[in-house]
Amino acid sequence: MASKENQKVLIFDTEEELSISLAEHTAKLSNQITSHSATFTVVLSGGTLIDSLRKLVGSPYVDSVDWAKWHVFWVDERVVPKDHPDSNYKLALDGFLSKVPIPADQVYAINDTLPPEGAADDYEACLKYLVRTGILKVSATTGFPIFDLMLLGMGPDGHIASLFPGHPLLNEKERWVTYIKDSPKLPPQRITFTFPVINVSANIFLVVTGAELADAVKKALGHDHYNSESGALLPVQRVSLENGEFTWFADKDATSKLEIK
Ligand SMILES: O=C(O)[C@H](O)[C@@H](O)[C@H](O)[C@H](O)COP(=O)(O)O
């Protein structure tokens, strides 16, 4: 394990070991929170993260989690029908959600009948409704909604959610959920949480696996980290939790260019 300011970096020899630890940490956090709270609010990304969650839906973890208290959201979603192969909802449903007894009305998919602008407005309105009903907490200092856990992946360019390097959305300060129509990662039309929401999370588990992420991991966690001008920061380097814990789950390949181990 290495540590970087307020970030914890867990490094595993294999993706298999990583996925077991991810299941352990997720189940433990779920149990900690559901022991005193009626809800556990969890945000998913798309991509390979869903496969890395496979151990959580198997023994012994699956039986230790109070799934009835889970409320599930997406940090970003492609604006496609829910049964489309590009849908992050479909990916999570097939690989994770269909295997655990989370009540269907606690899984918050986007409205796939709307264009990106409308889908972002609709999702933000849904989050605001859940604040009013007490399912979601808000930050006393910023007013943005606090999720108990965000389970995120990262792209080779250092993007998280649909927040890409050099894109104006990186600087969004007001919206909770916004849209992008020119995503460099296809498909181009998506909705995404903004940094103010990501940065009030209570916990982020960021999963990085594979050699294609090694350069971005080196930039984010290596010595360069301290020298970056803010304009040149990778999106992942803009994660700065107001009051939460940020843990990297990395395999050897993703950390192969990192000097600190
Ligand atoms: O919809 C998406 O594209 C994802 O939510 C995205 O943010 C993803 O998490 C990263 O791009 C990593 O994806 P991979 O794990 O597939 O590389």
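In this text, all values refer to a predicted model and were calculated from it rather than measured experimentally.
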Atom [atom1] of [X] and atom [atom2] of [Y]: how far apart are they, to the nearest 0.5 Å?
X	Y	atom1	atom2	result
E77	K90	CD	NZ	12.0 Å
K28	I33	NZ	CD1	12.0 Å
W176	I198	CH2	CD1	14.5 Å
K173	F144	NZ	CZ	9.5 Å
D182	I180	CG	CD1	5.0 Å
S87	I110	OG	CD1	7.5 Å

Contact check, side chains of [X] and [Y], non-hydrogen atoms, under 4.5 Å:
X	Y	value
L221	V9	yes
L170	R238	yes
F96	V72	no
E17	T14	yes
V43	F193	yes
F12	S21	yes
E245	I204	no
L10	F205	no

For [X] and [Y], does a side-chain donor sit closer than 3.5 Å to a side-chain acceptor?
X	Y	result
E15	S52	yes
S183	Q189	no
S162	D76	yes
T41	T39	no

Before accepting this row, confirm whether a basic side-chain N of the pair [X]/[Y] lies closer than 4.0 Å to the acidic partner's carboxylate O.
X	Y	answer
D148	K137	yes
R54	E16	yes
D215	K219	no
E124	R175	yes
E24	K55	no

So, the side chain of [X] versus the backbone of [Y]: is there a donor-acceptor pair under 3.5 Å, distance only?
X	Y	answer
D157	P165	no
E172	E174	yes
E212	P156	no
Q237	L234	yes
D122	G118	no
S37	T34	no
R78	R190	no
S98	L93	yes

| message | Could you walk me through whether F164 and K185 satisfy the side chain to side chain contact (heavy atoms under 4.5 Å, CB included) test, starting with their C-alpha distance in whole Å, then the side-chain angles of each, then the deciding distance to 0.1 Å, before giving a yes or no? | response | CA-CA 9 Å; F164 293 92; K185 181 178 180 182; 3.8 Å; yes
| With hydrophobic residues grouped by side-chain heavy-atom distances under 4.5 Å, do I50 and V80 end up in a single group? | no
| Same hydrophobic cluster for L44 and V62, using side-chain heavy-atom links shorter than 4.5 Å among ILVMFWY? | yes
| said: Run W70 and V65 through side chain to side chain contact (heavy atoms under 4.5 Å, CB included) and show every step you take. | reply: CA-CA 9 Å; W70 277 48; V65 167; 3.3 Å; yes
| task | Name all pairs fulfilling the side chain to side chain donor-acceptor pair (under 3.5 Å) condition that reach into residues 195-207, sequence neighbours left out, sorted by first residue then second. | result | none
| query | Is the number of heavy atoms from other residues, nucleotides or ligands within 6.0 Å of CG (N243) greater than 12? | reply | no
| request: Please identify each residue that fulfils side chain to side chain donor-acceptor pair (under 3.5 Å) with T48, with sequence neighbours left out. | output: none
| message | Show every ring-ring contact (aromatic ring centres under 6.0 Å, His included) that has at least one partner inside residues 108-140, sequence neighbours left out. | response | H71-Y108, F73-Y108
